[in-house]
Amino acid sequence: MLKALLTVAFCLLVITSLAVAEETGSPAKLVNLVRQDCGSCHGMTLKGGLGPDIRPEALRHYDIDTLSLVVLDGIPETAMPPWRPILSEADAKRIAEYLLEGDLK
Ligand code: HEC
């Protein structure tokens, strides 16, 4: 009986810690999103595919605010979709920083 209770408690603990790791805004999650979701069009290494090269050298003409708006609102009448439905403004800003600097803080 005690063993069963302990097993249940342990499972709950694992589930809770997984849920915390999945929280939006965690750097690992944003990097994953950029590699997978943005990568599906811009290429896994972001050097271009259906969408253009979005590595730091290619985005020098953007400042962080403009770039976060491109991420949030997309580019109308092109395949670049708006991400506002799934990203907060803070997340978009961190992605913009990541794209410009190649690093996520
Ligand atoms: C469905 C395909 C698709 C997905 C997914 C996608 N993009 Fe794009 N993206 C495009 C296309 C196509 C363009 C070029 C639009 C144009 O013709 O101006 C573009 C343009 C851009 C630009 C502007 C590049 C420049 O040189 O002006 C940025 C920045 C960008 N995307 C970032 C992202 C980010 C960040 C993500 C993920 C959050 C993402 N994209 C996901 C298709 C996509």
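Whatever order the structure lists them in is the order used to number ligands and atoms, beginning at 1.
- Distance check: R94 CZ to S88 OG gives 8.0 Å after rounding to the nearest 0.5 Å.
- Within ligand 1, the atoms closer than 4.0 Å to a non-hydrogen atom of L99 are 35 (C), numbered from 1 in the order shown.
- The N/O atoms of D53, backbone and side chain alike, include none that comes under 3.5 Å of an N/O atom in ligand 1.
- For CZ of R35, the number of neighbouring non-hydrogen atoms (other residues, nucleotides, ligands) closer than 6.0 Å is 12 at most.
- Relative to atom 16 (C) of ligand 1, the option among I95, T78, L87, L46 with the closest non-hydrogen atom is T78.
- Heavy atoms of L67 found under 4.0 angstrom from ligand 1 belong exclusively to the side chain.
- Remark: minimum distance from atom 12 (C) of ligand 1 to any protein heavy atom is reached at A79 CB, 3.7 Å.
- Taking atom 34 (C) of ligand 1 as the reference point, the nearest protein heavy-atom neighbour is C38 SG, 3.4 Å.
- Shortest non-hydrogen contact noted between L87 and L72 is O-CD2, 3.9 Å.
- M80 is not listed as a side-chain neighbour of C41, based on a closest heavy-atom distance of 4.5 Å or more.
- For the pair S40 and ligand 1, the shortest N or O to N or O distance does not fall below 3.5 Å.
- For ligand 1, the atoms lying closer than 4.0 Å to a non-hydrogen atom of W83 are 5 (C), 36 (C), 37 (C), 38 (C), 39 (C), 41 (C).
- Of the inter-residue distances, the one linking L100 atom CG with L67 atom CG reads 5.0 Å to the nearest 0.5 angstrom.
- In this structure, the side chains of V71 and K93 stay at 4.5 Å or more apart for every pair of heavy atoms.
- Atoms of ligand 1 lying under 4.0 Å from at least one heavy atom of G51, given by number and element, are 10 (C), 11 (C), 12 (C).
- Within the 4.5 Å cutoff, side-chain heavy atoms of L99 are placed close to those of L46.
- Counting the atoms of ligand 1 from 1 in the order shown, those under 4.0 Å from a heavy atom of Y62 are 23 (C), 25 (C), 27 (O).
- For atom 2 (C) of ligand 1, the closest non-hydrogen atom on the protein side is C41 SG, 1.8 Å.
- When hydrogens are left out, the protein atom nearest atom 13 (C) of ligand 1 is P52 CD, 3.3 Å; that is the closest non-hydrogen contact.
- To the nearest 0.5 angstrom, L50 atom CG is 9.0 Å from T78 atom OG1.
- When hydrogens are left out, the protein atom nearest atom 33 (C) of ligand 1 is M80 CE, 3.2 Å; that is the closest non-hydrogen contact.
- At least one heavy atom of I54 sits less than 4.0 Å from an atom of ligand 1.
- With rounding to the nearest 0.5 Å, the separation of OH in Y98 from CD1 in I54 is 9.5 Å.
- Counting heavy atoms only, H42 comes closest to atom 20 (C) of ligand 1 of the residues E77, R60, H42.
- Counting the atoms of ligand 1 from 1 in the order shown, those under 4.0 Å from a heavy atom of D37 are 5 (C).
- Contact check for D91 versus L33: no side-chain heavy atoms found under the 4.5 Å cut-off.
- Interface of V71 with ligand 1, defined as ligand atoms under 4.0 Å from a residue heavy atom, comprises 35 (C).
- Without hydrogens or angle criteria, H42 side chain to G48 main chain gives no donor-acceptor distance under 3.5 Å.
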